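This one's a predicted model, so the numbers in the text were calculated from it and none came from an experiment. Computed from heavy atoms alone, side chains included, the values below leave out hydrogens, waters and symmetry copies.
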2 protein chains.
Amino acid sequence: MSKDELSPTPETLAKQLKVLADPKRLRILNLLMSGVQCNCEIGDSLNMPANLISHHLRVLRNAGLVQVERDALDARWVYYSVNEEAIQALVEAFDAFFDLGRIQPRHPTCGPKRMKGKPTKKLIVKPL
Amino acid sequence: MSKDELSPTPETLAKQLKVLADPKRLRILNLLMSGVQCNCEIGDSLNMPANLISHHLRVLRNAGLVQVERDALDARWVYYSVNEEAIQALVEAFDAFFDLGRIQPRHPTCGPKRMKGKPTKKLIVKPL
DNA sequence: CAAATAGTTCAACAGGCGTTGAATTATCTC
DNA sequence: GAGATAATTCAACGCCTGTTGAACTATTTG
């Protein structure tokens with residue numbers, strides 16, 4: 001049985017995917033899921049300038065995918081971590097949208113006029 | 001037990017998500033999964049010019065997410081359909097990358113110097 | 001208080017890409 | 001063959017955004 005969550009609208013899903021559709025942001029997320037959290041550590045691993053990391057982390061934070069903490073002993077250090085609930089919700093939305101169970105058989109309302117009687121028969125022939 | 005597929009590299013996943021991170025392309029995919037397949041029908045449903053639809057369908061086709069057929073009786077009509085195997089693989093890659101089971105406990109290699117002994121204790125305090 | 005450190009913010013540039021309108025191709029009808 | 005139809009391709013514009021370097025804030029150290 002396929003998932004019974006209602007799939008999100010294309011607009012909202014596209015907005016979330018736009019945040020993820022960047023290699024460096026995904027590399028940052030990848031590190032965060034591996035337990036790396038210090039901002040400077042991310043910069044070292046990815047060979048990225050600190051300000052660029054700040055920028056991408058801000059995008060991820062605005063999307064609610066990432067959380068921030070400050071070190072209690074030395075407030076200059078900040079630690080980022082993945083928001084598990086948000087990731088969970090995102091995966092569910094993605095899976096619901098692309099659930100293969102949603103795929104319906106073809107039912108075109110247009111096409112050659114003479115096909116009016118039985119419009120949904122064999123097609124193919126030339127793959128273009 | 002979580003999925004045992006190895007998660008894709010951030011670069012390859014970002015490339016695939018870039019294709020999906022567009023509202024109109026997602027709306028097209030949404031229609032294709034609902035059984036609508038005629039190019040003109042998509043244009044009617046979405047109030048989009050035909051050439052723009054062609055453009056987006058090309059992007060989706062280059063990504064392998066969509067297939068094309070021509071009408072056997074009237075070759076002017078083309079019908080698009082979702083490539084189920086590609087969608088399946090995409091969902092699996094997405095789920096594998098964002099599998100919460102991948103999340104490791106924090107193990108920072110940097111931080112305040114005096115914390116050298118036990119670096120991974122309580123932090124939080126100010127949410128910034 | 002001055003210097004150093006971790007991180008953020010700002011301004012500006014450059015490339016990519018979605019959008020648009022017109023031209024082009026391919027096919028079918030009369 | 002002429003005209004109509006479905007779709008694609010082409011050229012051009014404009015905006016969004018990732019990137020860069022410098023300035024700025026906040027905090028800690030000596």
Side-chain angles (χ1 to χ4, degrees), chain A residues 10-11 14-15 17-28 36-44 46-63 66 68-80 108-115 123 125-128, chain B residues 10-11 14-15 17-28 36-44 46-63 66 68-80 108-115 123 125-128:
Chain A
E11 286 74 14
K15 208 171 293 182
L17 291 183
K18 239 179 191 323
V19 176
L20 302 177
D22 179 272
K24 297 191 175 165
R25 275 200 287 273
L26 281 188
R27 289 176 73 184
I28 291 175
V36 182
Q37 296 176 343
C38 186
N39 201 347
C40 61
E41 219 173 351
I42 297 176
D44 292 347
L46 273 53
N47 281 331
M48 288 168 56
N51 56 355
L52 185 53
I53 294 184
S54 275
H55 164 65
H56 286 305
L57 279 172
R58 180 135 88 120
V59 175
L60 291 171
R61 201 176 44 150
N62 286 341
V66 151
V68 192
E69 305 169 18
R70 293 199 99 92
D71 191 301
L73 296 173
D74 189 336
R76 287 175 298 181
W77 265 271
V78 299
Y79 301 97
Y80 286 89
T109 60
C110 61
K113 303 166 188 171
R114 47 199 161 99
M115 288 289 288
L123 308 163
V125 181
K126 312 177 199 166
L128 181 63
Chain B
E11 286 75 12
K15 208 171 294 182
L17 292 183
K18 237 179 192 326
V19 176
L20 302 178
D22 180 271
K24 297 193 176 164
R25 276 200 287 274
L26 281 188
R27 290 176 72 184
I28 291 175
V36 182
Q37 295 176 346
C38 187
N39 202 347
C40 60
E41 219 173 349
I42 298 177
D44 292 346
L46 272 54
N47 280 332
M48 290 167 54
N51 56 354
L52 186 53
I53 294 184
S54 276
H55 164 66
H56 286 305
L57 280 172
R58 181 134 88 118
V59 175
L60 292 171
R61 201 175 46 149
N62 287 342
V66 152
V68 192
E69 305 169 17
R70 291 197 100 85
D71 191 301
L73 296 173
D74 190 334
R76 287 175 299 181
W77 264 270
V78 299
Y79 302 97
Y80 286 88
T109 60
C110 61
K113 301 167 189 172
R114 47 202 161 96
M115 287 290 288
L123 308 163
V125 181
K126 313 176 199 167
L128 181 63

> Nearest of D:dT9, D:dT28, C:dC28 to any side-chain atom of B:A75?
Replying inline: C:dC28

>> When you measure from the side-chain N and O atoms of A:R76 to the phosphate of C:dA4, is any distance below 4.0 Å, counting only OP1 and OP2?
In response: no

>> Looking at B:Y79, I'd like to know whether one of its side-chain N or O atoms comes within less than 4.0 Å of OP1 or OP2 on D:dA6.
In response: no

>> Can you tell me how far apart CG (A:N39) and CG (A:D44) are? Round to the nearest 0.5 Å.
In response: 10.0 Å

> What one-letter contact string describes nucleotides 14-20 of chain D from 5' to 3', where B marks a base within less than 4.0 Å of any protein heavy atom, S marks contact via sugar-phosphate atoms alone, and - marks no contact?
Replying inline: ----SBS

> C:dT19 P sits how many Å from B:I53 CD1, rounded?
Replying inline: 11 Å

>> Can you see whether B:D71 engages B:Y79 through a side-chain donor-acceptor pair at a distance of less than 3.5 angstrom?
In response: yes

> Between C:dG18 atom C1' and B:L57 atom CG, what is the distance in whole Å?
Replying inline: 14 Å

> Roughly how many Å is it from CG in A:D44 to C1' in C:dG7, rounded to a whole number?
Replying inline: 14 Å

> Does any non-hydrogen side-chain atom of A:R27 lie less than 4.5 Å from one of A:M48?
Replying inline: no

> At what distance, to the nearest 0.5 angstrom, does CG of A:L46 lie from NE2 of A:H56?
Replying inline: 9.5 Å

>> Taking the minimum atom-to-atom distance to the side chain of B:D74, which one of C:dG7, C:dC28, D:dT8 wins?
In response: C:dC28

> Between atom CG in A:L73 and atom C1' in D:dT27, what is the gap in whole Å?
Replying inline: 13 Å

> In whole angstroms, how far is the P atom of C:dT19 from the CG atom of B:N47?
Replying inline: 14 Å

> Quick one: are B:N51 and B:H55 in side-chain contact, heavy atoms under 4.5 Å?
Replying inline: no

> Taking atom C1' of D:dA26 as reference, at what distance in whole Å does atom CG of A:N39 sit?
Replying inline: 15 Å

> Separation of A:R61 atom CZ from C:dG7 atom P, in whole Å?
Replying inline: 13 Å

> Rounded to whole angstrom units, what separation is found between the OH atom of A:Y80 and the C1' atom of C:dT8?
Replying inline: 8 Å

Using distance only, find each side-chain donor-acceptor pair of residues 17-24 of chain A under 3.5 Å and give its atom names and separation, not counting sequence neighbours.
residue: A:D22; atom: OD1; partner: A:K24; partner atom: N; Å: 3.0
residue: A:D22; atom: OD1; partner: A:R25; partner atom: N; Å: 3.0

>> Using 0.5 Å steps for rounding, measure from the CD1 atom of A:I28 to the CG atom of A:L57.
In response: 5.0 Å

